[in-house]
Amino acid sequence: MKKRNIWILAIIIILLVGGGVGYYFLNNQNGEKTTQVTKKSKPKKAKKKIKVDPNKSHINIVAVGDSLTQGVGDPKSVGGGYVTRLKRKIATKYKVKTSAYNYGVSGDTSTQIISRIKSDKKMHADLPKADVITVTVGGNDFMHLLQKKGIDLTESDIATEEQQFDVRLKNLLDDLRYYNNDAPIYLIGIYNPFSIYLANVKNAKTAFINWNKASAQVASEEKLTYFIDINNLYQTKEVDKKAKKTGTNPYLYKKDHFHPNGTGYDMMTEKVFDEVSKTTKDWLIK
């Protein structure tokens with residue numbers, strides 16, 4: 001009887017212990033599941049998206065060159081030639097504050113412009129902060145050759161001068177790049193006031209085309225340098241016909257028949273702005 005009681009007591013103890021362990025185990029499992037569910041159910045806080053303007057807040061244009069940059073022939077009501085117009089168009093289209101620094105000097109040849117780039121301390125201060133650099137050069141080099149040779153000017157004379165000019169042009173662009181390694185340079189080609197000055201020069205039209213092609217080639221070999229061809233802006237068939245009869249071109253300044261007038265500068269600006277707009281990644285983006 002005692003043995004039987006002992007066995008019964010042992011079985012009861014075993015059942016109690018087993019039940020307790022089982023209860024503990026089940027409770028822990030449920031607790032872990034509850035914790036896991038709780039962790040999963042916590043909502044993640046959404047990060048606020050901050051809109052960032054990728055564009056610069058201020059654009060600086062530095063214009064270097066001859067009378068076309070200075071704006072000779074432009075009405076006083078506007079002034080500044082293509083430079084003033086370009087500044088306004090950039091500010092309006094891209095809604096950005098725009099400043100322009102005009103270093104155009106009437107009559108300057110490539111040699112004289114190179115000399116100014118090397119010696120002008122104000123230009124040295126402005127060039128490094130430029131976002132856009134424009135250049136007009138070559139027209140006076142060509143006109144000096146024309147004045148020297150007159151009606152005896154030949155295509156060969158022009159080709160020889162063009163080769164020498166290309167060397168100077170490369171030096172000029174390299175000098176600008178020395179003061180600013182990042183801003184795009186927009187080199188504006190020369191145009192032919194053919195019907196007024198060069199009607200008697202054989203193959204003059206072809207010579208201007210070749211001159212600009214050579215300048216474009218020099219520009220293509222320079223970092224971030226774009227050539228803008230304006231040679232055909234002021235020379236259409238209709239203009240040539242009128243010029244032969246009247247001796248005037250509706251797009252050129254009446255006092256010299258060489259520089260653009262207000263309408264001519266409008267046309268030039270459109271060509272420059274078109275190229276500048278195609279390359280915003282080079283000057284507008286931060």
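Between the CG atom of Asp74 and the CG atom of Asp266 there is a distance of 8.0 Å, given to the nearest 0.5 Å. To the nearest 0.5 Å, atoms CG (Leu252) and CG (Leu233) are separated by 10.5 Å. Distance CG/Leu224 to CG/Asn181: 8.5 Å, rounded to 0.5 Å. For the atom pair Ile114 CD1 and Ser119 OG, the distance stands at 12.0 Å (nearest 0.5 Å). Taking NZ from Lys118 and CG from Asp175, the interatomic distance works out to 3.5 Å, rounded to the nearest 0.5 Å.
Put simply, the side chain of His144 never gets that close to the backbone of Gly139: no donor and acceptor are under 3.5 Å apart. A side-chain donor-acceptor contact under 3.5 Å links Asn140 to the backbone of Asp108. Between the Tyr265 side chain and the Val72 main chain, a donor and an acceptor come within less than 3.5 Å of each other. Counting only distance, with no hydrogens or angles, the side chain of Arg116 and the backbone of Gly65 share a donor-acceptor pair below 3.5 Å. Side-chain atoms of Asp256 come within 3.5 Å of backbone N or O of His259 as a donor-acceptor pair.
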**Item:** salt bridge (charged side-chain N to carboxylate O under 4.0 Å, His left out) assessment of Lys223 paired with Asp282
**Value:** CA-CA 11 Å; Lys223 176 185 176 182; Asp282 296 329; over 6 Å; no
**Request:** Applying side-chain contact (heavy atoms from CB on, under 4.5 Å), run through Leu145 and Ile158 and close with a yes or a no.
**Result:** CA-CA 8 Å; Leu145 178 64; Ile158 298 172; 4.2 Å; yes
**Request:** With salt bridge (charged side-chain N to carboxylate O under 4.0 Å, His left out) as the test, would you mind laying out the steps for Asp166 and Lys170 before giving the verdict?
**Result:** CA-CA 6 Å; Asp166 290 343; Lys170 176 173 173 44; over 6 Å; no
**Request:** Could you go through the side-chain contact (heavy atoms from CB on, under 4.5 Å) check for Arg88 and Thr269 one step at a time?
**Result:** CA-CA 10 Å; Arg88 291 177 180 175; Thr269 305; over 6 Å; no
**Asked** After noting the C-alpha distance and the side-chain angles of Lys89 and Glu270, does the key distance pass the side-chain contact (heavy atoms from CB on, under 4.5 Å) rule?
**Response** CA-CA 9 Å; Lys89 289 180 81 67; Glu270 285 298 327; 3.0 Å; yes
**Prompt:** Does the side chain to side chain donor-acceptor pair (under 3.5 Å) test come out yes or no for Asp157 and Thr154, once each step is laid out?
**Reply:** CA-CA 5 Å; Asp157 293 329; Thr154 65; 3.0 Å; yes
**Request:** Determine, step by step, whether His257 and Thr248 satisfy the side-chain contact (heavy atoms from CB on, under 4.5 Å) criterion, reporting the C-alpha distance in whole Å, the side-chain angles of both residues, the deciding distance to 0.1 Å, and the verdict.
**Result:** CA-CA 7 Å; His257 303 291; Thr248 61; 3.9 Å; yes
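Counting only heavy atoms from C-beta outward, the side chains of Leu127 and Leu176 approach each other to under 4.5 Å. Counting heavy atoms from C-beta outward, Val135 and Leu172 have side chains that approach closer than 4.5 Å. Considering only heavy atoms from C-beta on, Lys56 stays 4.5 Å or farther from Ile285 through its side chain. Residues Lys97 and Ser57 fail the side-chain proximity criterion, which asks for heavy atoms closer than 4.5 Å. Contact check for Leu187 versus Ile228: no side-chain heavy atoms found under the 4.5 Å cut-off. Residues Val96 and Asn55 form no side-chain contact, since every pair of their non-hydrogen atoms from C-beta on lies 4.5 Å or further apart. Using a 4.5 Å heavy-atom cutoff, the side chains of Ile90 and Val276 are in contact. Contact check for Val239 versus Pro250: side-chain heavy atoms found under the 4.5 Å cut-off.
Residues Ile188 and Ile209 do not share a hydrophobic cluster, clusters being chains of Ile/Leu/Val/Met/Phe/Trp/Tyr side chains in contact below 4.5 Å. Val137 and Val167 fall into different hydrophobic clusters, where Ile, Leu, Val, Met, Phe, Trp and Tyr are joined by side-chain heavy atoms under 4.5 Å apart, directly or via other members.
By the neighbour-count criterion of 12 heavy atoms within 6.0 Å, atom NZ of Lys129 is densely surrounded, having more than that number from other residues, nucleotides or ligands. At most 12 heavy atoms of other shown residues, nucleotides or ligands fall within 6.0 angstrom of atom OH in Tyr251. Heavy-atom contacts from other residues, nucleotides or ligands closer than 6.0 Å to NZ of Lys121 number 12 or fewer.
Heavy-atom minimum distance, Leu173 versus Glu222: CD1-CG, 3.8 Å. Taking each heavy atom of Val83 and Ala100 in turn, the nearest pair found is CG1-CB, 3.9 Å. The two residues Thr69 and Val64 make their nearest non-hydrogen contact at OG1-O, 3.5 Å. Closest of all the heavy-atom pairs between Gly79 and Thr84 is O-OG1, 3.0 Å. Of all the heavy atoms in Gly138 and Ile190, the pair that sits closest is C-CG2, 3.5 Å. Smallest separation of non-hydrogen atoms from Lys271 and Asp229: CE-O, 3.0 Å.
The only option from Asn60, Ile59, Thr98, Val132 that meets the side-chain contact (heavy atoms from CB on, under 4.5 Å) definition with Lys87 turns out to be Thr98. Of the options Thr279, Thr136, Thr134, a side chain to side chain donor-acceptor pair (under 3.5 Å) to Tyr186 is made by Thr279 and by none of the others. Phe142 pairs with exactly one of Trp211, Phe165, Phe258 by the ring pair (Phe, Tyr, Trp, His ring centres under 6.0 Å) rule, that one being Trp211.
Pairs of residues two or more places apart, or lying in two chains, that qualify as ring-ring contact (aromatic ring centres under 6.0 Å, His included) and include a residue from residues 67-110 are Tyr94-Trp283.
For Thr109 and Asp141, the side-chain atoms include no donor-acceptor pair closer than 3.5 Å. Judged purely by distance below 3.5 Å, without hydrogens or angles, the side chains of Ser99 and His58 pair a donor atom with an acceptor atom. Side-chain contact annotation: Arg168 with Ser110, donor-acceptor N/O pair under 3.5 Å present.
Classification of the Tyr234-Tyr191 ring pair by plane angle, with boundaries at 30° and 60°, yields perpendicular.
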